Every structure is written in structure tokens, then in C-alpha cells.
Protein chains: 2
Amino acid sequence: MNLNHLFLFRAVAEAGGFSRAAEQIHVSQPAISMQVGELEAQLGLALFHRLGRGVKLTAAGKLLLGYAQRLGALAVDAEQAMAEVKGLRRGHLAIGASTTIGVYLLPDLLGEYRRRYPDIDLQFDIANTEDIERRLVDGTLDAGLTEGLPPDRRELETVVFLRDQLVPIARPDHPRLKCGRKPLTLRQFCAEPMIVREAGSGTREVIDRALAKRGQKFQRPPLILGSTEAIKRAVAAGLGVAIVSHLTIQTELAAGQLAILPLAGFQLTRPLHRLCWRNRERDPAAVAFLGLLDERYPPHVQS
Amino acid sequence: MNLNHLFLFRAVAEAGGFSRAAEQIHVSQPAISMQVGELEAQLGLALFHRLGRGVKLTAAGKLLLGYAQRLGALAVDAEQAMAEVKGLRRGHLAIGASTTIGVYLLPDLLGEYRRRYPDIDLQFDIANTEDIERRLVDGTLDAGLTEGLPPDRRELETVVFLRDQLVPIARPDHPRLKCGRKPLTLRQFCAEPMIVREAGSGTREVIDRALAKRGQKFQRPPLILGSTEAIKRAVAAGLGVAIVSHLTIQTELAAGQLAILPLAGFQLTRPLHRLCWRNRERDPAAVAFLGLLDERYPPHVQS
DNA sequence: ACAATGGAATAAGATAATCTTATGGATTAC
DNA sequence: GTAATCCATAAGATTATCTTATTCCATTGT
């Protein structure tokens, strides 16, 4: 007994005859005779009275018809659910991101995602690289976006999707920003009052390494603040200069609260990584997210 | 997508691997690979993550598994229901009978039926031959038992299942029943005070015809009563003699309330008919009933 | 009662679906 | 690195299912 047997049986029952059913579902009449006959043989029960003029359900047939209808409807539901998943009208997407990306980049991206696929259930967590990695492996995340060093897990694919520029910022009325002034040298910049994140922060490490590489260091003890927002506010308040991700200051630049300080020959970037399973099938919801990411930030495969 | 696809899919999901599933359900592993692969291709969705060591459901797979389980359970229910019908552990039997049969014969018969097949839902109506015939044709009865003349419907099969003896009865202390006395002649019997059913009753017609055929008639105006029970009581009370179906007086004979009056060379029987559809499939419940009837009263096919 | 008709069953051949054995390829575990 | 495990693929065999043509049967109409 399979769905096709039941489908044909149901067609006959609802059409009131083998020939009529055959017409309606575009199969030959003997095909139906055989299938229904086989079904009856398997069950050991007559399902139809053959009246000579059409057919009529037996008691067993009436009973089976109920099951056939329910089975048919359930099968249709199942296929529809699958079609919805495939067509991104149903599903779930869980993304993990580190702080900067999570705060300054993902909301926009997920807003666009929601606009395109409003029926996908979205989940979005900010966590550290280690947690994201773990949750990718155990399957609770579909993709992760991190600014930290790429993990060396072979099962995860790491793609640099964006090079984040770390830029020096100052209050817009900083003397060096008067028109006509030349860019600062790195040495001059290091002599400014500096505001930085605590040691151990990803951004701080990048900055320290870059300065060390160029043989420079802060010339005064820096002001240490625990969040990028705090640093931006402190710079805007005139407490000093800082180096922050370009991503984080779009609003303040537009509002004239902060300005980028030109620094001669200084270019500092860090890679932002997109993490997901390497050789694993991805749900359409995840594929669409990665596609959207690639669309906004054309990728460079790294490993 | 058919039940087999889903069954194999479910086996894989529940076994956690293609090979394990293949073992459990005794199919080759490639068969499963192909079926699941085809299912995935048809849906356009990956249902499993291939991990190298076993497999794991994707989100789409998890969703489909629920449907597959429900469909599987429903299919099992359907097959079980059909098996129950076939095994007479579920079903319905509607029998129609004319009065005498319905009162004096069917209760016993249906008692035995209920004992053998306690799960069959029984329905049993007393009606006239015409109604029974009509209800057989329109399908509300599975079989009919009548004492009337056989209908001439070609679509109904008429089988005489019993020859009912109509016997003369009297009070046990009737003078002619004293030991040693010879049987009455029919003429003498007709001279007795007679109790009969009203004209139009089946039994009355049989009696009238039999007497007419033998050139006899009641010599006194008979007492007319509307039911066999009333006639029996009247005879037992000594109001006269009567001719009634042998079936109806078993209890009274045993209790000594009535006696059969020996009548020389008089033998009056009428056929009892079993009616059902001629060329139509019968439900197991009906087949079992007809079987039981045949068992108790070996049949003589008439038409 | 008779042929006519409508509709299901059957037969035969063709086609498609599914299975099995054997083998390849990728991943994990020691 | 090597062996073991597991899924995918290939080829051939088997089975299920379909189609066309035809037969059989019950009803219907005359």
C-alpha cells in the first residue's frame, strides 16, 4: 500500500467510477483497475461494488476513504512545508557575531534579510569568537561573523568578507584639522593624548602590534575605556584621539561630532571573517544569508 | 514522494545513518542512498548532513521527519483498520426480517453471531417484505430474511434457507389428544373452533390456499386475532385450535401449554427466504452472517 | 427476450522505478 | 600513515507500473 494506490482509490471513490477517475487524473483506465485491484488483493477486501454502471464504496471502502483523504492531505502539507523551506517562506536563521560587527554591521544586514525573507525566523547573538566557533560546531549557529583571528578548525570554512579600516579620530576642531595643515606623522600622533580599549581587546591588540611594528609607542599614558562607544564619546568631548573601526563612526562623521585625522602613510586594516561549516549542506535560509553577505561585500577566499 | 521514500528517510533519521538503517530494515545500503537521494532531489533540499561518520538531520529534514512519522503512523492505522474489517473485529451488520423470523429465529442467530464476533456493530429491524426489499436495494440492509413470497428483483438473490412447518395446535387437554385416539381428518379439524390471523397476513394466506386446494373451509366463523402471540394464548386458554408456525411454539410445547394436534395426511410448509444482493461484493460481516445461517440451515438455492 | 451500451477486467508489450552487487571516494580513528 | 567506516556511484537485474487493444459483464432500451 502506497500513496499512489490510495490516491487512485480516492480518485475513483470521488469520481464514482474507474473511467471517470481515469479521465480526471489523466491516466488510462486499466492502470486504475490494476492499482485498485492490487490494493484490494493486498487488503483481502473489496473496496468497491461493481455495479455495471459505475461503482459504489463498500463499508471497508468507506472506512479506507477517510484514511486516504487524511493521508493525502498530510502528504500535501508535507510537500508544501518543504516547498516553503526551499522558497524561503519558512525557516530559521541563527547568526553569531562579535561585538563590533554585531553592533555596527549586522543590524543593517539582517534588516535587509528580513525585508527580503520576512517569514524566516531570525536569531542573532553577540558573543566572543570562541563561543561562536563552538556554537557553529554544535549546530546552534548557521554562520558566524568575527573580527578575531581565524580559528584553525578544519571543519569550518573561514572567508574574509571585509577589511575593516582602523582609523585615527579626533574632535572636528582639533588643531591639526584646520584646513591647509599637513597630515600628522605617526610619531606626532603618538604624542597626542590617546584613548584606547583595555589590553586583551581585539582592537587594542591590533593597534599595539601595528605601532610596535613601526617602532612607535604612546608617549603619554593612554586613557583606557571599556567600550568603543565610550571612546567615541570621550574623543568627541575633546579628551584625546583614538583609533577605532571605520564601521563604528559613520553616524558621528555624518553628524560632525567626530573627524578622521589624516596620518601620513598609515593604513591599518583587520580582516573580518565569515565562518560556517566547510563541507556541509546548508539550509536555504543560510545560503540566502551568505549570498546577501557576498552581495554587499564580495568575498576573498582565504582558507 | 511516496510512503516508501518517507519510510526509508525515517529509518535513516531514526537509525542515525544509511548503513545502520539498511541493516535494520533489511535492504541494501545503496537502495537507501538512492531513495533518500531522489527524495532530496525532488524536494530540492538536503535532508541530511553527511558527516563522514553517520548523518544528521538538516532543519528541513527535521521538519520532514515529523510529517514522515505522522504519515507512517496514519498508514499503519489504515492498514490495521482494514485488517480489523477483514478479521471481523470491526464492522457493521444490518439485518432485516419479517415478524415471525425476527421474533422467533433471529434473536438466537444474532446471539450466536455476537458471541463469535463481539466487535461487529449489529443492527436488526423487523419490517415487511417490501421494506426489506427496498432497504436491501438502497444498501441500508446487508441481508433480509422473509417468510413472504420471493420478490422478482433480478439484482437480489433469493435462497430458501428453511421450510417452516405450519402445524395445528390445541390445548394439551383437547379431547382428541387423549392417548389412543386416532389423528383428525382435515374435515374434522375444520369443524373445530378456529383462531386465525386477519386476512392479508402471510400465514393466513398460506392456510387459506392450502384449505382451498384440499376443498375445505372453516365450518364456523373463525376468531380473528392480530398477532401470533395472541392466537397462541387464545388456544392455550381453550378458545379453539389454530395453525401456526412451528417456530413460534417451542417454548409453549416444552412448558406443556400447547400441543400439536395430529392431522392425518396434512403437511403444510412455507419457505423462508434469505435475501441479499446477487452479484455484489459482500462485507466480511455479511459473509460471516450468511455463513452462520448456512451452517444452521443448510441452503437450497432456488433462483 | 433481444441486442445495444457503458464500464470494468484482462492480456501483452513497453517503460520506468527500484533493488542488488561491486566499487569508488571521503572521513574518522588509531 | 594506515585501516576502518560510511556514503555515493555504476551496471545489471528485477519488479512495478503504464498504455493500447480487446474481452467480459451488467444494465438499459426496444
Side-chain angles (χ1 to χ4, degrees), chain A residues 1-9 11-42 46-58 61 137 152-157 277-281, chain B residues 1-9 11-42 46-58 61 136-139 152-157 276-282 303:
Chain A
M1 189 179 91
N2 61 33
L3 285 181
N4 199 45
H5 284 133
L6 293 177
F7 177 72
L8 294 182
F9 160 72
V12 172
E14 289 170 353
F18 285 55
S19 299
R20 264 186 294 279
E23 270 181 32
Q24 289 180 12
I25 60 180
H26 307 294
V27 211
S28 69
Q29 168 262 312
I32 297 195
S33 273
M34 287 187 298
Q35 293 288 322
V36 172
E38 196 195 336
L39 185 56
E40 289 181 316
Q42 282 178 12
L47 298 171
F48 293 107
H49 295 296
R50 272 71 169 177
L51 305 178
R53 213 42 131 230
V55 297
K56 192 159 159 280
L57 283 170
T58 62
V137 170
D152 60 350
R153 296 233 184 207
R154 279 169 307 286
E155 64 266 41
L156 296 183
E157 179 188 82
W277 276 87
R278 182 184 298 282
N279 293 317
R280 192 165 289 195
E281 301 296 336
Chain B
M1 189 178 92
N2 63 33
L3 286 180
N4 199 45
H5 285 135
L6 293 176
F7 177 72
L8 294 181
F9 161 71
V12 172
E14 289 169 354
F18 285 55
S19 300
R20 265 186 294 279
E23 271 181 32
Q24 290 179 12
I25 60 180
H26 306 295
V27 219
S28 69
Q29 168 264 312
I32 296 194
S33 274
M34 285 187 299
Q35 293 289 323
V36 172
E38 196 193 336
L39 185 55
E40 289 180 316
Q42 281 178 13
L47 298 171
F48 292 107
H49 295 296
R50 272 71 168 175
L51 304 178
R53 206 42 127 229
V55 298
K56 192 158 160 280
L57 284 170
T58 62
L136 272 169
V137 170
D138 73 18
D152 60 349
R153 297 231 185 210
R154 283 170 305 285
E155 63 266 42
L156 297 183
E157 177 188 81
C276 58
W277 275 86
R278 182 185 298 282
N279 293 316
R280 193 164 290 192
E281 301 295 337
R282 291 170 192 148
S303 73

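Just so it is clear, the values below take in all heavy atoms, side chains as well, and ignore hydrogens, waters and symmetry mates. The structure displayed is predicted, hence computed values, not measured ones.
- Annotation: the terminal axes of the helix from dA1(C)-dT30(D) to dC30(C)-dG1(D) meet at 40°, where each axis is the rotation carrying the C1' atoms of four end pairs onto the next four (5 pairs per end, rounded to 10°).
- Judged as a salt bridge (Lys or Arg N to Asp or Glu O under 4.0 Å), and not counting sequence neighbours, Glu38(A) has no contacts.
- What separates CZ of Phe48(B) from P of dA26(C) is a distance of 22 Å, to the nearest Å.
- Applying the salt bridge (Lys or Arg N to Asp or Glu O under 4.0 Å) criterion to Arg280(B), with sequence neighbours excluded, gives no partner residue.
- Glu281(A) pairs by the salt bridge (Lys or Arg N to Asp or Glu O under 4.0 Å) definition with nothing, not counting sequence neighbours.
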Which donor-acceptor pairs under 3.5 Å do the side chains of residues 29-36 of chain A make with protein atoms, sequence neighbours left out?
{"residue": "Gln29(A)", "atom": "NE2", "partner": "Ser33(A)", "partner atom": "OG", "Å": "3.1"}
{"residue": "Gln35(A)", "atom": "OE1", "partner": "His5(A)", "partner atom": "NE2", "Å": "3.0"}

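- Rounding to the nearest 0.5 Å places CG of Asn2(B) at 11.0 Å from CG of Leu6(A).
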Stepwise side chain to side chain contact (heavy atoms under 4.5 Å, CB included) test for Phe48(A) and Leu57(A): CA-CA 4 Å; Phe48(A) 293 107; Leu57(A) 283 170; 3.3 Å; yes
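- Among residues two or more places apart in sequence or in another chain, the side-chain contact (heavy atoms from CB on, under 4.5 Å) test is passed with Leu3(B) by Leu3(A), Leu71(B), Ala75(B).
- Listed in residue order, the members of residues 12-20 of chain B having a heavy atom less than 4.0 Å from DNA chain D are Gly17(B), Phe18(B), Ser19(B), Arg20(B).
- Computed from coordinates, the Leu47(B) CG to dC7(D) C1' distance equals 15 Å when rounded to whole Å.
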Taking only N/O atoms, report every protein-nucleotides 12-15 of chain D pair under 3.5 Å with atom names and distance.
none

Please tabulate, one pair per line, each protein N/O and nucleotide N/O from nucleotides 27-30 of chain C that are separated by under 3.5 Å, including the distance.
{"residue": "dT27(C)", "atom": "OP1", "partner": "Asn279(A)", "partner atom": "ND2", "Å": "3.3"}

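- Gly37(B) comes within contact range of no nucleotide atom at all, as no heavy-atom separation falls under 4.0 Å.
- Atom pair Lys56(A):NZ and dA26(D):P shows a separation of 17 Å (rounding to whole Å applied).
- Look at Arg50(B) and you'll find a side-chain N or O under 4.0 angstrom from OP1 or OP2 of dA8(D).
- Phe7(B) pairs by the ring pair (Phe, Tyr, Trp, His ring centres under 6.0 Å) definition with nothing, not counting sequence neighbours.
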Tabulate below the donor-acceptor pairs under 3.5 Å that side-chain atoms of residues 17-26 of chain B make, not counting sequence neighbours, or state none.
{"residue": "Arg20(B)", "atom": "NE", "partner": "Ala15(B)", "partner atom": "O", "Å": "3.0"}
{"residue": "Arg20(B)", "atom": "NH2", "partner": "Gly16(B)", "partner atom": "O", "Å": "3.1"}

Contact pattern, 5' to 3', of nucleotides 14-20 of chain C - B, S or - by protein heavy atom under 4.0 Å: ----SBB
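- Leu39(A) and Phe9(A) get closest at one heavy-atom pair: CD2-CB, 3.9 Å.
- Between dA9(C) and Ser33(A), a contact under 4.0 Å exists linking OP1 or OP2 to a side-chain N or O.
- The shortest non-hydrogen separation linking Cys276(B) to Arg282(B) is SG-NH2, 3.3 Å.
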